[in-house]
Amino acid sequence: MNRLVKKSQNLKLRKARVRSTVTGTGERPRLSVSISNVHVSAQIIDDEKGITLASATTVGQKLTGTMTEKAAVIGSEIAKNAKKAKVSKVVFDRNGRIYHGRVKALADAARAGGLEF
């Protein structure tokens, strides 16, 4: 098996394992983080209703700096958008990624912006 195929399969397995336990409700929606090689995006999702309450992404923005700095900007932006949507408590869905680097920077910025998780 190709190295990259195995790597993506392992990510899918980790993502499924996390999603089996993490679900967003009305009072505690899910903060889902998606990080690619170029962009960072975050959504606050109510899984019971199946709707997105707030979102923030680097797609279409002229952000400069490292990916970790972009993740921190998106973390503070998602916290502002959550306040507008009257959400203060969330559960964190890291989408199979380890809580380190970009994911940690986004989470710390969201916590500094007022989100609790």
Side-chain angles (χ1 to χ4, degrees):
M1 183 176 296
N2 188 352
R3 174 182 64 89
L4 295 176
V5 172
K6 182 69 174 169
K7 191 173 184 178
S8 67
Q9 282 182 346
N10 287 343
L11 179 64
K12 285 181 187 177
L13 287 172
R14 284 192 310 270
K15 182 175 180 175
R17 191 167 48 237
V18 169
R19 280 289 288 127
S20 68
T21 58
V22 175
T23 347
T25 61
E27 56 271 356
R28 280 184 78 105
R30 175 170 54 101
L31 172 60
S32 178
V33 175
S34 177
I35 298 176
S36 71
N37 289 340
V38 183
H39 294 292
V40 178
S41 63
Q43 292 181 327
I44 297 180
I45 304 165
D46 182 358
D47 288 320
E48 291 177 342
K49 295 180 182 175
I51 57 171
T52 299
L53 304 172
S55 66
T57 183
T58 59
V59 177
Q61 293 184 4
K62 302 282 187 191
L63 295 178
T64 58
T66 64
M67 285 294 290
T68 307
E69 293 167 353
K70 289 180 185 179
V73 169
I74 293 302
S76 61
E77 194 173 313
I78 194 70
K80 289 178 196 170
N81 293 346
K83 281 186 182 178
K84 290 179 187 174
K86 297 181 178 136
V87 174
S88 61
K89 293 184 179 182
V90 295
V91 290
F92 191 61
D93 177 14
R94 53 191 170 78
N95 269 333
R97 296 187 173 265
I98 45 178
Y99 187 81
H100 183 268
R102 297 169 186 169
V103 175
K104 185 177 186 297
L106 189 141
D108 290 342
R111 280 192 189 102
L115 281 180
E116 291 181 35
F117 54 94

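Quick note: residue numbers are just sequence positions, from 1. All heavy atoms count here, side chains included; hydrogens, waters and symmetry mates do not.
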J.: Please report the closest heavy-atom contact between Ala56 and Ile74, naming both atoms and the distance.
T.: O-CG2, 3.9 Å
J.: Report yes or no: do Val90 and Ile45 belong to one cluster of Ile/Leu/Val/Met/Phe/Trp/Tyr joined by side chain heavy-atom distances under 4.5 Å?
T.: no
J.: So Ile35 and Arg97, do their side chains get closer than 4.5 Å, heavy atoms only?
T.: yes
J.: Just jot down the salt bridge (charged side-chain N to carboxylate O under 4.0 Å, His left out) partners of Arg28, sequence neighbours excluded, or say none.
T.: none
J.: Measuring from atom OG1 of Thr25 to atom NZ of Lys89, what distance do you get when rounded to the nearest 0.5 angstrom?
T.: 11.0 Å
J.: To the nearest 0.5 Å, what is the distance between CG on Asp93 and OG1 on Thr23?
T.: 9.5 Å
J.: Could you work out, with salt bridge (charged side-chain N to carboxylate O under 4.0 Å, His left out) as the rule, every residue matching Arg14, not counting sequence neighbours?
T.: none
J.: Can you list the steps and then say if Lys15 with Asn95 is a side-chain contact (heavy atoms from CB on, under 4.5 Å)?
T.: CA-CA 5 Å; Lys15 182 175 180 175; Asn95 269 333; 3.2 Å; yes
J.: Do Val103 and Leu115 sit in the same hydrophobic cluster, where Ile, Leu, Val, Met, Phe, Trp and Tyr count as joined when their side-chain heavy atoms come under 4.5 Å apart?
T.: yes
J.: Could you give all pairs that pass the ring-ring contact (aromatic ring centres under 6.0 Å, His included) test and reach residues 45-103, with sequence neighbours left out?
T.: Phe92-Phe117
J.: Please answer: with hydrophobic residues joined when any side-chain heavy atoms are less than 4.5 Å apart, are Ile51 and Ile44 in the same cluster?
T.: yes
J.: Taking atom CD1 of Ile98 as the centre, report whether more than 12 heavy atoms of other residues, nucleotides or ligands fall under 6.0 Å from it.
T.: no
J.: Heavy atoms only: give me the nearest Ala82-Ala54 pair and the separation to one decimal.
T.: N-CB, 4.1 Å
J.: Rounded to the nearest 0.5 Å, how far apart are CG of Leu106 and CZ of Arg111?
T.: 10.5 Å
J.: With sequence neighbours excluded, give me every side-chain hydrogen bond (donor to acceptor under 3.5 Å, both in side chains) pair touching residues 36-49.
T.: Arg30-Asp47, His39-Thr58
J.: Name all residues meeting the side chain to side chain donor-acceptor pair (under 3.5 Å) criterion together with Asn10; count only those two or more places apart in sequence or in a different chain, and write none if there are none.
T.: none
J.: Write down the atom of Ile78, the atom of Ala110, and the distance for their closest heavy-atom approach.
T.: CG2-CB, 4.4 Å
J.: Got a sec, which pairs hit side-chain hydrogen bond (donor to acceptor under 3.5 Å, both in side chains) with one end in residues 64-88, sequence neighbours left out?
T.: Gln61-Glu77
J.: Test of understanding: clusters of I, L, V, M, F, W, Y form through side-chain heavy atoms closer than 4.5 Å, transitively. Do Val73 and Val33 belong to the same one?
T.: no
